[in-house]
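Along the sequence shown, residues are numbered consecutively beginning with 1.
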Amino acid sequence: MTESHIQYKVTIPGWRSDDLVAELLELWDGSVRSTHTFVSDRERQALRVVVKEALYQIGRLLVCSAQKEDGSFEIVGFAGIDEDRLEMLFIRQDFMRRGAGHFLIGQCIKKYGVRRVSVNEDNPGAYAFYQKEGFVRVGRSEKDGRGRDFPLLHLELLELKDNPRA
């Protein structure tokens, strides 16, 4: 299936099974390995525990799937939302830059009211992605929410009438 013909869908699992969380955690790990080069293997392993807990506890979890050739769907990404804040968005490595992130953030904005997100300053790809989606920088923190030395950029969605995402 060509990239322009990929069909995506979003589901909100009512019950988060251990199998689903394990699959999403592996997706997260692969995504972080390819996009968060500033995170050491040791730090990534420590973060796995935090992310696993968050996958069970986040207020709203959206799972993005792509249709395969046989018509079935496979998980290619997920997002976690708390009120109007996007707390996590990760795309499987082989679906990066194929529209899955754009589709998923669009659902987060239009259907669930996401207006804010923070990104690691050392992840310029994520920052560029959110800028392209209409977010602008409104602040910066020297440390992440857990007090670690991972500076964050705080972003908010532009509220312009010509922004189709707002």
- Task: Could you walk me through whether Trp28 and Leu55 pass side chain to side chain contact (heavy atoms under 4.5 Å, CB included), step by step?
- Result: CA-CA 10 Å; Trp28 170 86; Leu55 287 168; 5.9 Å; no
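- Counting heavy-atom neighbours within 6.0 Å of Glu74 CD, excluding the residue itself, gives a total above 12.
- Side-chain contact between Leu104 and Val10 is present, with at least one heavy-atom pair separated by less than 4.5 Å.
- Atom SG of Cys64 sits about 10.5 Å away from atom NZ of Lys9, to the nearest 0.5 Å.
- The shortest non-hydrogen separation linking Ala66 to Ile6 is CB-CG2, 4.0 Å.
- Within the 4.5 Å cutoff, side-chain heavy atoms of Arg115 are placed close to those of Ile109.
- Side-chain contact check for Ser17 and Asp19: no donor-acceptor pair (N or O, by modelled atom type) lies under 3.5 Å.
- When side chains are defined from C-beta on, Arg116 counts as touching Glu156, because their heavy atoms get closer than 4.5 Å.
- Distance check, rounded to the nearest 0.5 Å: CG of Leu86 to OH of Tyr112 gives 13.0 Å.
- Here the CG atom belonging to Leu61 is positioned 7.0 Å from the CE atom belonging to Met88, to the nearest 0.5 angstrom.
- Relative orientation of the Tyr8 and Phe95 rings is perpendicular, given thresholds of 30° and 60° on the angle between their planes.
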- Task: Would you sort out whether Glu26 and Arg48 count as a side chain to side chain contact (heavy atoms under 4.5 Å, CB included), showing the intermediate values?
- Result: CA-CA 9 Å; Glu26 289 309 309; Arg48 280 182 69 95; 2.8 Å; yes
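- Rounding to the nearest 0.5 Å places CZ of Arg85 at 13.5 Å from SG of Cys108.
- Using a 4.5 Å heavy-atom threshold, the side chains of Leu27 and Glu23 count as separate.
- One hydrophobic cluster, built from ILVMFWY side chains closer than 4.5 Å, cannot hold both Leu152 and Val114; they sit in different ones.
- Under the side-chain contact (heavy atoms from CB on, under 4.5 Å) rule, Arg16 has a single partner from Ile58, Leu24, Val63, which is Ile58.
- Looking at Leu89 and Tyr130, their side chains come closer than 4.5 Å, going by heavy atoms from C-beta outward.
- Note that NZ of Lys68 is 16.0 Å distant from CD of Gln7, once rounded to the nearest 0.5 Å.
- Ser31 places a side-chain heavy atom less than 4.5 Å from the side chain of Met96.
- Both Leu158 and Val138 are assigned to one and the same hydrophobic cluster, defined by single-linkage of ILVMFWY side chains at heavy-atom distances under 4.5 Å.
- Under the 4.5 Å side-chain contact rule for hydrophobic residues, Phe135 and Leu62 share a cluster.
- Counting only N and O atoms by type, the side chains of Asp122 and Tyr127 include no donor and acceptor under 3.5 Å apart.
- Side-chain contact between Val119 and Phe129: absent, with no pair of heavy atoms (C-beta onward) separated by less than 4.5 Å.
- Placement of Phe73 and Leu20 in two distinct hydrophobic clusters is found when ILVMFWY residues are connected by side-chain heavy-atom separations under 4.5 Å, directly or transitively.
- Looking at heavy atoms from C-beta onward, Val21 lies in side-chain contact with Lys52 at the 4.5 angstrom threshold.
- Checking side-chain atoms of Asn123 against main-chain N and O of Ala126 turns up a donor-acceptor pair under 3.5 Å.
- Taking CG of Leu155 as the start and CZ of Arg137 as the end, the distance is 8.5 Å to the nearest 0.5 Å.
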